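Worksheet: the structure to be examined is printed underneath.
For clarity, every value in this text was computed on a predicted model and none was experimentally measured.
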Amino acid sequence: MIRVWLSVAAVTVLSWLMKASAPLVIARRKLPPSVIRMTALTAPVLLAGLIVTELGGKQVDWTQLAGVGVSGVLALAKVPMLVAVAGGIVATAVIRLL
């Protein structure tokens, strides 16, 4: 049992060190524009991966798909992400009520 807790503690410390290493390494350096653009795209990519894993493997719920589409269009229109997600939720609810 002690080995399990030691493993958990070791993984926790290593995780903290890895998360802290990036700011320490690039503290006063300017990132190239390509890196900034790439990191800006991580949130949409993670969201797309979540959608694929959530919707994949089962029958497609068209109301959910329409809500995701509305959120995507709103995000492309440069509205705040919270507003885009709320728009998708409202669109899904309205379609389900009809």
Side-chain angles (χ1 to χ4, degrees):
M1 188 68 169
I2 285 187
R3 283 185 182 179
V4 171
W5 286 110
L6 285 175
S7 299
V8 168
V11 169
T12 302
V13 169
L14 285 173
S15 175
W16 286 342
L17 289 173
M18 287 184 348
K19 288 178 183 179
S21 66
L24 291 175
V25 169
I26 60 171
R28 293 192 177 120
R29 297 181 191 156
K30 286 197 131 228
L31 292 175
S34 60
V35 173
I36 293 172
R37 282 192 309 268
M38 186 174 58
T39 55
L41 293 175
T42 55
V45 168
L46 289 172
L47 181 60
L50 178 64
I51 290 167
V52 167
T53 57
E54 200 52 40
L55 295 178
K58 52 185 167 181
Q59 193 170 9
V60 175
D61 182 3
W62 293 104
T63 58
Q64 284 179 341
L65 197 58
V68 170
V70 168
S71 292
V73 168
L74 289 174
L76 285 173
K78 304 285 187 194
V79 299
M81 184 57 77
L82 189 59
V83 175
V85 172
I89 292 169
V90 168
T92 302
V94 167
I95 292 171
R96 286 182 179 173
L97 285 175
L98 298 176

Here the salt bridge (Lys or Arg N to Asp or Glu O under 4.0 Å) pairs for residues 67-87, sequence neighbours left out, are none
Partners passing side-chain contact (heavy atoms from CB on, under 4.5 Å) against Thr12 (at least two apart in sequence or in another chain): Val8, Trp16
With clusters defined by side-chain heavy atoms of hydrophobic residues (ILVMFWY) lying less than 4.5 Å apart, directly or transitively, does Val79 cluster with Val70? yes
Hydrophobic cluster of Ile2, others only, ordered by chain and residue number, side-chain cut-off 4.5 Å: Leu6
Give the minimum heavy-atom separation between Ala75 and Ala84, together with the two atoms involved. N-CB, 4.0 Å
Linking Ile, Leu, Val, Met, Phe, Trp and Tyr by side-chain heavy atoms under 4.5 Å, what else ends up with Leu17? Val13
Applying side-chain contact (heavy atoms from CB on, under 4.5 Å), name anything that partners Ser34, two or more places apart in sequence or on another chain. Pro32, Arg37
Euclidean distance, Leu74 CG relative to Met81 CE, rounded to 0.5 Å: 10.5 Å
Below 3.5 Å, can you tabulate the donor-acceptor pairs from side chains in residues 89-98 to any protein atom, sequence neighbours excluded?
{"unit_1": "Thr92", "atom_1": "OG1", "unit_2": "Thr63", "atom_2": "O", "d": "3.4"}
{"unit_1": "Thr92", "atom_1": "OG1", "unit_2": "Gly88", "atom_2": "O", "d": "2.9"}
{"unit_1": "Arg96", "atom_1": "NE", "unit_2": "Thr63", "atom_2": "OG1", "d": "2.9"}
{"unit_1": "Arg96", "atom_1": "NH2", "unit_2": "Asp61", "atom_2": "OD2", "d": "2.7"}
{"unit_1": "Arg96", "atom_1": "NH2", "unit_2": "Thr63", "atom_2": "OG1", "d": "3.4"}

Please confirm whether the backbone N or O of Val11 pairs with a side-chain atom of Ser15, one donor and one acceptor, at under 3.5 Å? no
